[in-house]
Amino acid sequence: GTVLACVAGSKSVLLVEHDCVWSKTGQQLDFAEADEAEISTLSDFKDADMHSKSRRSSRHYGVRTISLNDMLESLRAAEIDYLSIDTEGSELEILRSLDFNKYHFKAITCEHNHTASRALIHDLLSGAGYVRKFTELSDFDDWYVSADLSGLQPALRSKVAGVDAAVRLEPARRRHD
């Protein structure tokens, strides 16, 4: 899927990464583009959640991959307030490869769609110093905040709308050049 990276400072900038974010850079993977773009995913994950029936008539094509580490490096990302991962099933694999010693986020939202990966994502992020919060905000996503910020719930809740730097990972339709 396409990665949208929003970086704000003195000016707002929108950067678009056209490679598919995955655990490794330089692979060619099969992508299943559904009629509803927001449920498109890598083919290995098309049957992993409640949207599998809607993906049966997907169009398939190859996509080049980039790791989240390499994408953040190419953006020269230093401080990132908010990371949103909604890749329709590949969230755990992306997070497993992330260098949490190099990249730190104040808040992370991660889609789980009530699959078995939810507990594994929780274990991974808890081990990396994040605390799950705001369980009432979304039925399909979990919110995590850095453990050193976990007591700042009201401030963080209002901050999310005006973050200084954010990265959003989500599926998108193929680029038509």
Side-chain angles (χ1 to χ4, degrees), residues 1-7 14-75 77 80 82-100 103 105 107-128 130 132 134-135 137-144 160 163 166-177:
T2 300
V3 176
L4 303 176
C6 303
V7 182
L14 177 65
L15 305 169
V16 179
E17 171 62 62
H18 294 285
D19 288 347
C20 176
V21 175
W22 178 237
S23 58
K24 296 178 184 149
T25 297
Q27 294 184 321
Q28 279 290 127
L29 299 178
D30 190 63
F31 191 78
E33 182 182 326
D35 290 335
E36 298 173 57
E38 63 273 6
I39 64 168
S40 300
T41 189
L42 291 170
S43 295
D44 286 349
F45 298 95
K46 71 179 186 166
D47 296 321
D49 64 18
M50 68 190 98
H51 300 295
S52 61
K53 289 181 184 174
S54 298
R55 294 185 186 113
R56 284 189 183 148
S57 62
S58 296
R59 289 166 296 288
H60 291 258
Y61 48 85
V63 292
R64 185 178 53 222
T65 65
I66 186 170
S67 72
L68 183 53
N69 290 320
D70 288 344
M71 188 202 75
L72 294 173
E73 180 72 29
S74 73
L75 295 172
I80 304 166
Y82 174 62
L83 172 67
S84 172
I85 303 182
D86 178 354
T87 57
E88 300 304 314
S90 59
E91 295 86 358
L92 178 61
E93 294 304 317
I94 292 167
L95 287 170
R96 277 184 174 153
S97 69
L98 181 61
D99 183 352
F100 286 101
Y103 299 107
F105 311 91
I108 299 172
T109 55
C110 187
E111 185 181 52
H112 57 74
N113 280 334
H114 299 286
T115 64
S117 67
R118 183 182 191 188
L120 298 171
I121 291 167
H122 179 263
D123 291 347
L124 178 69
L125 291 177
S126 295
Y130 294 88
R132 184 165 43 198
F134 315 130
T135 55
L137 287 182
S138 174
D139 193 28
F140 303 105
D141 302 280
D142 280 332
W143 284 71
Y144 293 88
V160 168
V163 294
V167 175
R168 178 161 175 80
L169 307 180
E170 61 184 18
R173 292 187 181 270
R174 185 181 209 172
R175 265 187 17 205
H176 299 285
D177 296 326

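Because only heavy atoms are used, hydrogens play no part in the values below, and waters and symmetry mates are left out as well, while side chains stay in.
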Of all the heavy-atom pairs spanning [X] and [Y], show the shortest one and how long it is.
| X | Y | result |
| --- | --- | --- |
| Glu33 | Ser40 | CA-OG, 3.5 Å |
| Asn69 | Tyr103 | O-OH, 3.5 Å |
| Glu17 | Asp19 | OE2-N, 3.1 Å |
| Phe45 | Arg55 | O-NH1, 4.0 Å |
| Thr87 | Thr41 | O-OG1, 3.4 Å |
| Ile39 | Ala34 | CG1-CB, 3.7 Å |

Spatial distance of atom [atom1] ([X]) from atom [atom2] ([Y]) [nearest 0.5 Å]:
| X | Y | atom1 | atom2 | result |
| --- | --- | --- | --- | --- |
| Glu111 | Glu38 | CD | CD | 10.5 Å |
| Ser43 | Phe31 | OG | CZ | 8.5 Å |
| Leu92 | His112 | CG | NE2 | 13.5 Å |
| Lys46 | Asp30 | NZ | CG | 8.0 Å |
| Glu91 | Leu125 | CD | CG | 11.0 Å |
| Glu88 | His51 | CD | NE2 | 5.5 Å |

Would you say [X] and [Y] make side-chain contact, with heavy atoms under 4.5 Å?
| X | Y | result |
| --- | --- | --- |
| Leu68 | Leu83 | yes |
| Leu124 | Tyr130 | no |
| Leu29 | Cys20 | no |
| Asp139 | His114 | yes |
| His122 | Asp142 | no |

- Take the angle between the ring planes of Trp143 and Phe134 and call it parallel below 30°, perpendicular above 60°, tilted in between.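 Correct class here is perpendicular.
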
- Query: Any idea how Phe105 and Phe100 line up, ring-wise: parallel (<30°), tilted (30 to 60°), or perpendicular (>60°)?
  - Reply: perpendicular

- Message: Run the side chain to side chain contact (heavy atoms under 4.5 Å, CB included) test on Thr65 and Val21 for me, step by step, so that the C-alpha distance in whole Å, both residues' side-chain angles and the decisive distance to 0.1 Å come before the verdict.
- Response: CA-CA 6 Å; Thr65 65; Val21 175; over 6 Å; no

- Item | Derivation and outcome, side chain to side chain donor-acceptor pair (under 3.5 Å), residues Tyr144 and Ser126 | CA-CA 9 Å; Tyr144 293 88; Ser126 295; 6.0 Å; no

- Checking salt bridge (charged side-chain N to carboxylate O under 4.0 Å, His left out) for the pair Asp35/Arg59: CA distance, chi angles, key distance, verdict? CA-CA 8 Å; Asp35 290 335; Arg59 289 166 296 288; 3.1 Å; yes

- Query: Quick check: does any side chain N or O of Ser67 sit under 3.5 Å from a backbone N or O of Asp70, one acting as donor and the other as acceptor?
  - Reply: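 It does hold such a pair.
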
- Message: For Leu72 and Asp99: C-alpha separation, side-chain torsions, deciding distance, then whether side chain to side chain contact (heavy atoms under 4.5 Å, CB included) applies.
- Response: CA-CA 10 Å; Leu72 294 173; Asp99 183 352; over 6 Å; no

